[in-house]
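FYI, side chains are in, hydrogens and waters are out, and symmetry mates aren't considered; it's all heavy atoms of this structure. Here is how names work: the chains are called A, B, and so on, in the same order as the sequence lines, proteins then strands, and each is numbered from 1. Please read all numbers here as calculations on a predicted model, not as lab measurements.
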There are 2 protein chains.
Amino acid sequence: MATLLYTILTRMTGGAIEVLGHVLPTAFGLLGEATLSERSSRSEVVYRLLRQAILEQALKPGTKLSEDTIADHFKVSRTSVRGALVRLNAEGIVDLRANKGACVAEPTLEEARDIFSLRRMLEAEVIRRLVADLGTSGFKRLEQHVREEQAALSDHGPLSIRLAGEFHILLAELTGSQALTRFVREVVSRCSLILARFARLHSPECAVDEHIQIIRALRSKDIAAAEKIMLEHLDAVELRAELNPDKAEPDISEILKRYASEN
Amino acid sequence: MATLLYTILTRMTGGAIEVLGHVLPTAFGLLGEATLSERSSRSEVVYRLLRQAILEQALKPGTKLSEDTIADHFKVSRTSVRGALVRLNAEGIVDLRANKGACVAEPTLEEARDIFSLRRMLEAEVIRRLVADLGTSGFKRLEQHVREEQAALSDHGPLSIRLAGEFHILLAELTGSQALTRFVREVVSRCSLILARFARLHSPECAVDEHIQIIRALRSKDIAAAEKIMLEHLDAVELRAELNPDKAEPDISEILKRYASEN
DNA sequence: GCGCCGTCAATTGCATACGATAGTCGGATA
DNA sequence: TATCCGACTATCGTATGCAATTGACGGCGC
């Protein structure tokens, strides 16, 4: 297990030590990160890399995140790793079990539906706001992003997965609302986890097409239509997640709950 | 300043050392905290106390939160304090400036409006869900809470302020959605900060009355009416915050921005 | 053979120590 | 006298060491 984690992180960073102090390649130009990108403490770097690894589904739900293993790999102390884990825990993508170590969060089916439901609400709001006042430069950024997604189509892997999520974050940013962006970031992150846990495989083509449709709908300035497209897109994503109870064993505790109540 | 902080924390805890390891008096039975309350690490305790101090407006926006001062006071190491500060920062109620220490976040007017706008959306959703399926036990909890608020009316201070916020968190919890609760918690927290920064004074009576109206509206099972009451309540809260630009000096940077653009 | 208890290894929780950085104060110079 | 420069102090960022907790293994009694 520790070896697997080590391998993943090595592949991501190509040797950790030269990563420290550098700004990460792409994908961190988004708001929130951008304002801090000039200075990057060790803790910050660990945070970003772990987050990226999780969102790209390199680290799957349930993977143990031993402080020692991560610290050794990144050639930093456990202190820095802990800081990163605390932040990730606050975002809900890492579980922090006292004295038993951290692990990538494993959303239950119930939580998954909960998150998706909230996501629909948040992103519907995003669309409403954008229809009202998205300018030319906004559309340019969206189209640029979709181009990147298309370029990454052949990848069928990490990059494509991440870009799909970041499209939605970009939409939220374009509303200019920091708070809304923040929440959308979080639900999108957790949706990535959900997909990683339940979905069979990621199909980037569909996502890109649907993103293009969303942009088109925004151009049309038709609130109802745009909102409808977005909700259909999210439904499609949720459908791909195959959130039907029979598949994908839920937590043991979930199962045992039923037995406990009959006792 | 350090003395002030020390005084506040002392008054809150009545001597920190005997607090460690104990479960805090009230108000931490809410979901999220509740699941972890049996065991409380040092970092957790510091987190809760600081959070409480901030939400009760004992620690006002802008107050410097020196790691050393807090650590000395609580008789813990800076390590534990840092953990707490990182979490508070993740929730947006503490600003963490690199190498310059933490301080209680100072929401700008713009952010304040942004938060309130989001809060309206989130809490409208809460109401919609509750009208659909709030049961008897739920109403009981709400009424119990309002009674506590009334009992605290004479207080005109910390307790009253906190209870007013927790009413809204309780509403969110009753929806059964963890994610929604989480977000409501955050916006309510930040609204407390906003009120602390901009509002002249807290008027508990209004809040309690309005809370009672909300419960009544929920009983009526009339979605539109209930939603309307809630939105009016939030408008009233925002109004009390007096978010008009002329009052309450914004950040220096906000002011200088105008001059910079004319240069 | 089965279950219980004590000991041990592994890993986290916390504290302390050291190095780095930012802000401040005083002196030198123009 | 005003300005600039350098040392100093306070505070943070990070590493490391030790104590505490957890889970596992093996031995003992039943």
* Is it true that a side-chain atom of B/Thr175 and a backbone atom of B/Leu171 form a donor plus acceptor pair closer than 3.5 Å? -> no
* Asked: Which is true for B/Ser80 with a 4.0 Å heavy-atom rule: it touches a base, it touches only sugar-phosphate, or it touches nothing?
  -> sugar-phosphate
* **Between C1' of D/dG13 and CG of B/Leu96, the distance in whole Å** => 11 Å
* To do: Give a yes or no on whether the backbone of A/Val76 and the side-chain of A/Ser80 come within a donor-acceptor separation of less than 3.5 Å.
  => no
* Figure out the CZ/C1' separation between A/Arg42 and D/dT16, and round it to whole Å. => 14 Å
* For the pair B/Phe183 and A/Phe183, name the ring-plane relationship: parallel under 30°, tilted 30 to 60°, perpendicular over 60°. => parallel
* A/Asn89: what forms a side chain to side chain contact (heavy atoms under 4.5 Å, CB included) with it, not counting sequence neighbours? -> A/Leu96
* Asked: For B/Lys75 and C/dT16, what is the distance between atoms NZ and C1' respectively, to the nearest whole Å?
  -> 17 Å
* To do: Look at B/Glu238 together with B/Arg119 and state whether they make a salt bridge at an N to O cut-off of under 4.0 Å.
  => no
* To do: Indicate, yes or no, whether a donor-acceptor pair under 3.5 Å links the base of D/dT16 to the side chain of A/Thr79.
  => yes
* Asked: Just by modelled atom types, is the B/Pro107 backbone N or O under 3.5 Å from a matching donor or acceptor in the B/Arg197 side chain?
  -> yes
Distances under 3.5 Å between nitrogen or oxygen atoms of protein and nucleotides 9-12 of chain C:
{"residue": "C/dT12", "atom": "OP1", "partner": "A/Glu67", "partner atom": "N", "Å": "3.3"}
{"residue": "C/dT12", "atom": "O3'", "partner": "A/Asn99", "partner atom": "N", "Å": "3.3"}

